[in-house]
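In what follows, every chain begins at residue 1, and chains take the letters A, B, ... in the order their sequences are listed.
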Amino acid sequence: MSANLIHLLVEATLQTLYMVAISGLLGALFGLPLGVYLAISQRGELLSSPVINKVLGLVVNATRSVPFIILVVAIIPLTRMIAGTSIGTTAAIVPLTIAAVPFIARLVENAIREVDGGLIEAARSMGATPFQIIRKVLIPEALPSITLGLTLALVSLIGYSAMVGAVGGEGLGDLGIRYGYQRFMPDVMLVVVVILIVLVQLVQSLGEWIAARVDKRAPKSRGN
Amino acid sequence: MSTNITPKRDAQTRPERDGSPQGASIVFEDVGKSFHTPAGGTVTAVEDVNLTVEPGAMTGVIGRSGAGKSTLLRMVNGLERPTTGRIMVAGHDVGAADAGALRMIRRDVGMIFQHFNLLASRTVAGNIALPLEIAGEDRAKIPARVAELIERVGLSAQANRYPAELSGGQKQRVGIARALATSPKVLLSDEATSALDPETTQTVLALLRDINRDLGLTVLLITHEMAVVRDIASHMAVIDGGRIVEAGPTYDVFTQPRHPTTRSFLSGVTGVTLPAFIAGRLRDTPTRGTKEEEVIRVTFAGTHATDPMLALLSRDLGIEVNILAGAVEEIGARPFGNLLVSLDADRAQAAREYLERHGLLTEVLGYVS
Ligand SMILES: Nc1ncnc2c1ncn2[C@@H]1O[C@H](COP(=O)(O)OP(=O)(O)O)[C@@H](O)[C@H]1O
Ligand SMILES: [Mg+2]
């Protein structure tokens, strides 16, 4: 494999990491509060407002039911508005983020809803405000699940990021298509696949490690 | 505020804590609570409750599952609002309080739960700090206060452990320390020992009793176990179908139960039940003209428990008494005896009058031939 190809591979890997990292970060930034709100705005919950909850739920479901490759193309005008251009790696972050937000929101919602209602009741009995309950009870208690959810979201984003070649986004997926497939270079394809597998493994392992670190629910054997 | 947590342990006396007792009164006035069911109907959980909880005392409310105990308790700190009537806690109408006022009231009302409801993500110390953080306590003062509370419940060695590493009894101690953190005037307990084994139950009850004695705060506990009421409550109420059917000092209710529900709870706790071979033959009414025995329950209140009354009965009236079952227990540090006896039905009337005259209580259970 030529030095040029190796250079391309390194560059593509960095581009993939860049897209996944930024869209993951933005996705979490918007998805976390949205997920928390989806959980606590249900009927009978902390900030019960069933109508808003229903509407938000519909929007989230609608976004999630659009296949990613269609989403990328469908929101090109929006992408141009936000990123200033509709093509390129940076532009690809827009559809990636828009796919990540509802995905992360649902995962966070589920994590929050798993928190034992007795804990909310205990916090209420202490005179906690809804915001205090979110900050001091719901999020810390849901953190292991949230961590695993974010891990899952990052892994999905790595997969999605391979499709953004369609709008001129670069990265590993794009490299694999252009060289491995269109130019019949199976060795490039193989390397791309291996790098993607390693990336996913790394993200998954790191996520699970962090989740285990923050999870105090099961007793751990102690040093002494 | 934190000085009252380190107790001076002077034996059995309730300490006069510099003037006013800390315990607040709780008054239920015509309280009712009904819920809407998802099916569109309504369920009445609590009805017509008028009850005054003695400030500084330990009051137990006993009832079967679904009787409305939790609902009654949860109205005291506003977790549920009454549908009718009102609940006054330390003079505040809890049901009418707005969100802000309710949060202030709740800082004066600690609560412990059957399943502890501890945060798995926080250590023992972290859990106990939670109500202080919520109350906006000065961050710098929290660790000292938490250490004090941890010591109070005897968990100093476990301060940095997580709930998952604790036994049930230890978890409930954390729950108790947490409930006491903001120096409340009332402690509510929702079946706090129901998830614990009998031995651990005793230690947790003892802790509650010490806390009540040392801090003088009002304790309102609900339970389905008469033994819990007997062991620590000075006052009690019996709830059945959402209504309070009997209430008063525990000793009085135990020695003079009026309502059938109370009696059935009592027969469970006294352990004094008829042997099966007699229970099976028991009839409600005597059969005329046959030789039969009347079965009666004799309860010995106060000092009479130690008197050999049955021996005196046979000496003075010449009536022989068969003892079927019996036990002497302690309720609120007073002896209370409970005997099941049978005697000649023809002379039973005279015997009962004799016993009543000497301050004992009798109850006819039935007749056997
Ligand atoms: N949130 C609720 N919604 C509907 N019904 C309820 C609710 N809470 C309690 N109930 C009903 O009220 C009755 C009393 O319940 P509860 O106070 O929990 O009884 P206990 O604590 O004595 O077992 C039960 O019939 C129960 O089903
Ligand atoms: Mg209950």
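Between the side chain of B:N117 and the backbone N or O of A:G118, at least one donor-acceptor pair lies under 3.5 Å.
Contact between A:S125 and B:F113 at its shortest, heavy atoms only, is OG-CZ, 3.9 Å. Here the closest heavy-atom approach between residue A:K216 and residue B:A120 is recorded as CB-O, 3.1 Å.
Taking CZ of B:F116 as the start and CG of A:L119 as the end, the distance is 12.5 Å to the nearest 0.5 Å. Interatomic distance, A:D116 CG to B:L118 CG, rounded to the nearest 0.5 Å: 10.5 Å. In this structure, the separation between CZ on A:R124 and CZ on B:R74 is 7.0 Å, given to the nearest 0.5 Å. The distance from the CD1 atom of B:I134 to the CD1 atom of A:I133 is 7.0 Å, given to the nearest 0.5 Å.
With sequence neighbours excluded, the residues that form a ring pair (Phe, Tyr, Trp, His ring centres under 6.0 Å) with A:F68 are A:Y160.
Of the atoms belonging to B:I112, not a single heavy atom falls under 4.5 Å from chain A. Contact annotation for B:L119: both backbone and side-chain heavy atoms come within less than 4.5 Å of a heavy atom of chain A.
Counted within 6.0 Å of NZ on B:K33, heavy atoms from surrounding residues, nucleotides or ligands total more than 12; the atom is thus considered enclosed. Crowding of B:E151 atom CD: a count of heavy atoms from other residues, nucleotides or ligands under 6.0 Å not exceeding 12.
Taking the side chain as every heavy atom from C-beta outward, B:Y162 and A:R217 never approach each other to under 4.5 Å. With a 4.5 Å cut-off on side-chain heavy atoms, B:R178 and A:M126 count as touching.
Inspection of non-hydrogen atoms places A:K136, A:V137, A:P140, A:E141 of residues 135-155 of chain A under 4.5 Å from chain B.
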